[in-house]
Amino acid sequence: MKEIIYNYNNLNDEDITRIVIRTKAIIENSNNEILLCHSNNNYHLPGGHLDEGETLEHCLVREIKEETGIDISEQKRNPFLRITYMNKDYPSSGVNTKSIVNYYVVKEEINPDYNYTNLTEDEKQHDFKLIYINKNKILEELEKSLETCTRKAVLYDTIEAVKEYLKKDKNVV
């Protein structure tokens with residue numbers, strides 16, 4: 001599994017006062033499309049925060065279920081990338097955060113079932129939806145949305161993960 005570390009402030013582990021761990025999935029179907037979440041002008045990959053005492057695998061399954069309404073198969077999820085961010089004074093002054101995002105590839109036909117989702121109030125209020133986008137057009141769509149999105153850091157993270165995923169794909173034009 002590839003690991004990318006961003007540490008522009010040259011922080012050490014001793015400097016960290018807060019750790020946030022997330023899991024996210026690049027879900028690809030047989031039509032060469034990747035599933036994205038869209039809410040409040042923001043695209044992101046399905047996934048979310050690790051709960052205390054939870055494994056990465058359990059977090060991934062839970063988050064995908066909450067956002068898509070679907071249980072994913074164990075044999076169809078593979079870890080492929082970890083991006084770590086070391087940020088000084090984030091989210092506020094005096095707080096140094098280490099954010100670890102673990103990405104998995106899920107090659108499975110997922111037809112979202114909104115009847116079984118467990119969305120946050122923010123997602124409900126901002127017209128949360130799931131959209132499949134063809135692999136050949138996804139980066140163009142994500143980069144175009146940078147103009148109007150409200151959470152640029154999340155979108156840049158999504159773009160980085162999708163680029164890494166597509167590097168290994170010989171079928172992308």
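These numbers were taken from a predicted model, which means no experiment stands behind them. Because only heavy atoms are used, hydrogens play no part in the values below, and waters and symmetry mates are left out as well, while side chains stay in.
Under a hydrophobic-cluster definition in which Ile, Leu, Val, Met, Phe, Trp and Tyr are linked whenever side-chain heavy atoms come within less than 4.5 Å, directly or via other members, I138 and L146 are assigned to the same cluster. Residue I19 is grouped with residue L50 when hydrophobic side chains (ILVMFWY) are merged at heavy-atom distances under 4.5 angstrom, including chains of intermediate members.
By the 6.0 Å contact criterion, CZ on R151 is open, its count of non-hydrogen atoms from other residues, nucleotides or ligands being 12 or less. Crowding of K152 atom NZ: a count of heavy atoms from other residues, nucleotides or ligands under 6.0 Å exceeding 12.
Checked by atom type, the side-chain pair Y85/D157 shows a donor-acceptor distance below 3.5 Å.
Contact of the I159 side chain with the L139 side chain is registered, since non-hydrogen atoms from C-beta on lie closer than 4.5 Å. A 4.5 Å side-chain heavy-atom check between T23 and Y103 finds every atom pair outside the cut-off. Between N111 and I70 the shortest side-chain heavy-atom distance does not fall below 4.5 Å. V61 is listed as a side-chain neighbour of I72, based on a closest heavy-atom distance under 4.5 Å. I26 is not listed as a side-chain neighbour of V106, based on a closest heavy-atom distance of 4.5 Å or more. Taking the side chain as every heavy atom from C-beta outward, M86 and I16 approach each other to under 4.5 Å. Residues I21 and L56 form a side-chain contact, since some pair of their non-hydrogen atoms from C-beta on lies under 4.5 Å apart. L130 places a side-chain heavy atom less than 4.5 Å from the side chain of T68.
Of all non-hydrogen atoms in C37 and L45, the two that sit nearest each other are SG-C, 4.2 Å. When all heavy atoms of P79 and M1 are compared, the closest pair comes out as CB-SD, 3.9 Å.
A salt bridge links E164 to K2: at least one charged side-chain nitrogen sits closer than 4.0 Å to a carboxylate oxygen. Under 4.0 Å is where a charged nitrogen must lie from a carboxylate oxygen, and between E160 and K163 no such pair does. For E63 and R22, the salt-bridge test fails: no basic side-chain N is under 4.0 Å from an acidic carboxylate O. Look at K144 and E140 and you find no salt bridge, because none of the NZ, NE, NH1 or NH2 atoms lies under 4.0 Å from a carboxylate O.
Using a 30° and 60° split on the angle between ring planes, Y165 and F80 fall in the perpendicular class, above 60°.
The list of salt bridge (charged side-chain N to carboxylate O under 4.0 Å, His left out) pairs with a residue in residues 88-107, not counting sequence neighbours, reads D13-K98, E28-K107.
Judged as a ring pair (Phe, Tyr, Trp, His ring centres under 6.0 Å), and not counting sequence neighbours, Y90 has no contacts.
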Derivation of the salt bridge (charged side-chain N to carboxylate O under 4.0 Å, His left out) call for R77 and E108
CA-CA 9 Å; R77 52 186 190 250; E108 189 165 348; over 6 Å; no
